[in-house]
Q: 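Okay, handing you the structure first.
The figures here come from the full heavy-atom set of this structure, side chains too, leaving out hydrogens, waters and symmetry mates.
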Amino acid sequence: MRVAVTGTPGTGKTTAVDAVETALDVVHLNEVIKSEGFDTGRDGQRGSLVADMDALGEWLGDRDCLVESHLAHHFPADRVVVLRCHPDDLEARLTERGESAEKASENAEAEALDVVLSEAVANHGQDSVYEIDTTDRTPEEVAREIEAVVAGEREPSAGTVDFIGWL
Ligand code: ADP
């Protein structure tokens, strides 16, 4: 069984997955990119590392795991959790984490436009996608919801969160 946890940067994937209690191996893809050198250089404009998706896909193979990353929905998975966060809160979280104002607002806009959710549904179908709104919830509360998805106790839910009015 592989469960992917994805979402716009700042939705709290790393923090929530660290609080999940599971028998599955936990994989933070960003750490794998760094430790294995799975990048194809730096993005010219932003200076951020560009992941080598082929190398990551090969490394993941068909291993069972709880895999966390904003790229996780680009790989095969049995269930895909998409963490969501109100764009204003997302921007605040990212700024607090030390990201630039530009990056924070770019991600807030992507969150309002459902970019990651749409990709997840396009790649996996809506019956495999589980949206969890993290706005005003603690990482522990979010972790319990992820555990429910892993346990098969939650119904799929895509399109239940709507931040489009924010735009
Ligand atoms: P991601 O892995 O999705 O980029 P992080 O887990 O790094 O997100 O969280 C981004 C920032 O938001 C961190 O500073 C973290 O402490 C904070 N954060 C994470 N989850 C929550 C939450 N549920 N409520 C408030 N702040 C959170």
Q: Quick test of your reading: applying side-chain hydrogen bond (donor to acceptor under 3.5 Å, both in side chains), list the pairs with at least one residue in residues 92-102, sequence neighbours left out, ordered by first then second residue.
A: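 Every side-chain hydrogen bond (donor to acceptor under 3.5 Å, both in side chains) pair that includes a residue of residues 92-102, provided the two are not neighbours, is Arg93-Thr134, Arg97-Glu99.
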
Q: Among all residues two or more places apart in sequence or in another chain, which pass the side-chain contact (heavy atoms from CB on, under 4.5 Å) test with Ala55?
A: Phe38, Asp52

Q: Is there a path of hydrophobic side-chain contacts, each under 4.5 Å between heavy atoms, that joins Val17 and Val149?
A: yes

Q: Would a single hydrophobic cluster contain both Val5 and Val150, if residues Ile, Leu, Val, Met, Phe, Trp and Tyr are joined by side-chain heavy-atom contacts under 4.5 Å?
A: yes

Q: Considering residues at least two apart in sequence or located in another chain, which fulfil the side-chain hydrogen bond (donor to acceptor under 3.5 Å, both in side chains) criterion with Arg137?
A: Glu145

Q: Give a yes or no on whether the backbone of Met1 and the side-chain of Asp64 come within a donor-acceptor separation of less than 3.5 Å.
A: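 Yes; judged by distance alone, with no hydrogens or angles, the pair exists.
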
Q: Could you check Ile146 against Leu66 for side chain to side chain contact (heavy atoms under 4.5 Å, CB included), going step by step and ending with a plain yes or no?
A: CA-CA 10 Å; Ile146 295 172; Leu66 180 63; 4.3 Å; yes

Q: Who else is in Val50's hydrophobic cluster (ILVMFWY, side-chain heavy atoms under 4.5 Å, direct or via others)?
A: none

Q: Which pairs count as ring-ring contact (aromatic ring centres under 6.0 Å, His included) when at least one residue sits in residues 131-164, sequence neighbours excluded?
A: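 Listed once each, the pairs are His86-Phe163.
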
Q: Who pairs with Ser69 by side-chain hydrogen bond (donor to acceptor under 3.5 Å, both in side chains), at least two apart in sequence or on another chain?
A: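 With sequence neighbours excluded, Ser69 shows a side-chain hydrogen bond (donor to acceptor under 3.5 Å, both in side chains) to no residue whatsoever.
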
Q: When the side chains of residues 26-33 are checked against the rest of the protein, which donor-acceptor pairs come out under 3.5 Å, sequence neighbours left out?
A:
from, atom 1, to, atom 2, distance (Å)
His28, ND1, Glu68, OE1, 2.4
His28, NE2, Asp18, OD1, 2.9

Q: Atom CG in Leu113, atom CH2 in Trp166: separation rounded to 0.5 Å?
A: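 Result: 8.5 Å between the selected atoms.
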
Q: Identify the heavy atoms of Leu90 and Thr11 that sit nearest to each other, and give their distance.
A: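 The pair with the smallest heavy-atom distance is CD1-N, 3.5 Å.
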
Q: Give the intermediate values and the outcome of side chain to side chain contact (heavy atoms under 4.5 Å, CB included) for residues Leu60 and Cys65.
A: CA-CA 9 Å; Leu60 269 172; Cys65 57; 4.2 Å; yes

Q: If you draw a 6.0 Å radius around CD in Gln126, do more than 12 non-hydrogen atoms from other residues or ligands fall strictly inside?
A: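 Not buried by this count: 12 neighbours or fewer within 6.0 Å.
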
Q: Mind checking salt bridge (charged side-chain N to carboxylate O under 4.0 Å, His left out) for Glu147 and listing every partner two or more places apart, or none if nothing turns up?
A: Arg144

Q: How far apart are the closest heavy atoms of Tyr130 and Arg154, and which atoms are they?
A: CE2-O, 3.2 Å

Q: Could I get the full list of side-chain hydrogen bond (donor to acceptor under 3.5 Å, both in side chains) partners for His70, not counting sequence neighbours?
A: none

Q: In Å, rounded to the nearest 0.5 Å, how long is the span from CG of Asp25 to CZ of Arg2?
A: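 Taking CG in Asp25 and CZ in Arg2, the distance rounds to 11.0 Å.
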
Q: How about CD on Glu109, more than 12 heavy atoms from neighbouring residues, nucleotides or ligands closer than 6.0 Å, or not?
A: no

Q: For the hydrophobic clusters of this structure (ILVMFWY residues joined by side-chain heavy atoms under 4.5 Å, transitively), does one cluster hold both Val115 and Val161?
A: no

Q: Quick one: CG on Leu117 to CG on Leu83, what's the gap to the nearest 0.5 Å?
A: 11.5 Å

Q: Mind listing the closest non-hydrogen atom pair of Ala143 and Ala16 along with its distance?
A: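 Ala143 and Ala16 have their closest heavy atoms at CB-O, 3.6 Å.
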
Q: List the atom of Ala158, the atom of Val121, and the distance in Å for their closest heavy-atom pair.
A: CB-CG2, 3.9 Å

Q: Hey, mind stepping through Ile132 and Val142 against side chain to side chain contact (heavy atoms under 4.5 Å, CB included) and telling me if it holds?
A: CA-CA 7 Å; Ile132 299 175; Val142 177; 4.3 Å; yes

Q: Over all heavy atoms of both residues, which pair between Val82 and Ala120 is shortest? Give the atoms and the distance, please.
A: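 Distance-wise, the nearest heavy atoms are CG2-CB, 3.8 Å.
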
Q: Does Thr160 have any side-chain contact (heavy atoms from CB on, under 4.5 Å) partners at least two apart in sequence or in another chain, and if so, which?
A: Glu131, Ser157

Q: Any chance you could measure Leu24, atom CG, to Arg63, atom CZ, to the nearest 0.5 Å?
A: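 CZ of Arg63 is found 12.5 Å from CG of Leu24.
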
Q: For the CG atom of Leu71 and the CD atom of Glu119, what is their distance to the nearest 0.5 Å?
A: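 Rounded to the nearest 0.5 Å, the CG-CD separation comes out at 9.0 Å.
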
Q: Between Arg84 and Asp114, does any NZ, NE, NH1 or NH2 come within less than 4.0 Å of an OD or OE carboxylate oxygen?
A: yes

Q: For Thr6, give me all partners under side-chain hydrogen bond (donor to acceptor under 3.5 Å, both in side chains), at least two apart in sequence or on another chain.
A: His73

Q: Between Ala72 and Val67, which heavy-atom pair has the shortest distance, and what is it?
A: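 Shortest heavy-atom contact: CB-O, 3.7 Å.
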
Q: What residues form a side-chain contact (heavy atoms from CB on, under 4.5 Å) with Asp162, not counting sequence neighbours?
A: Ile164

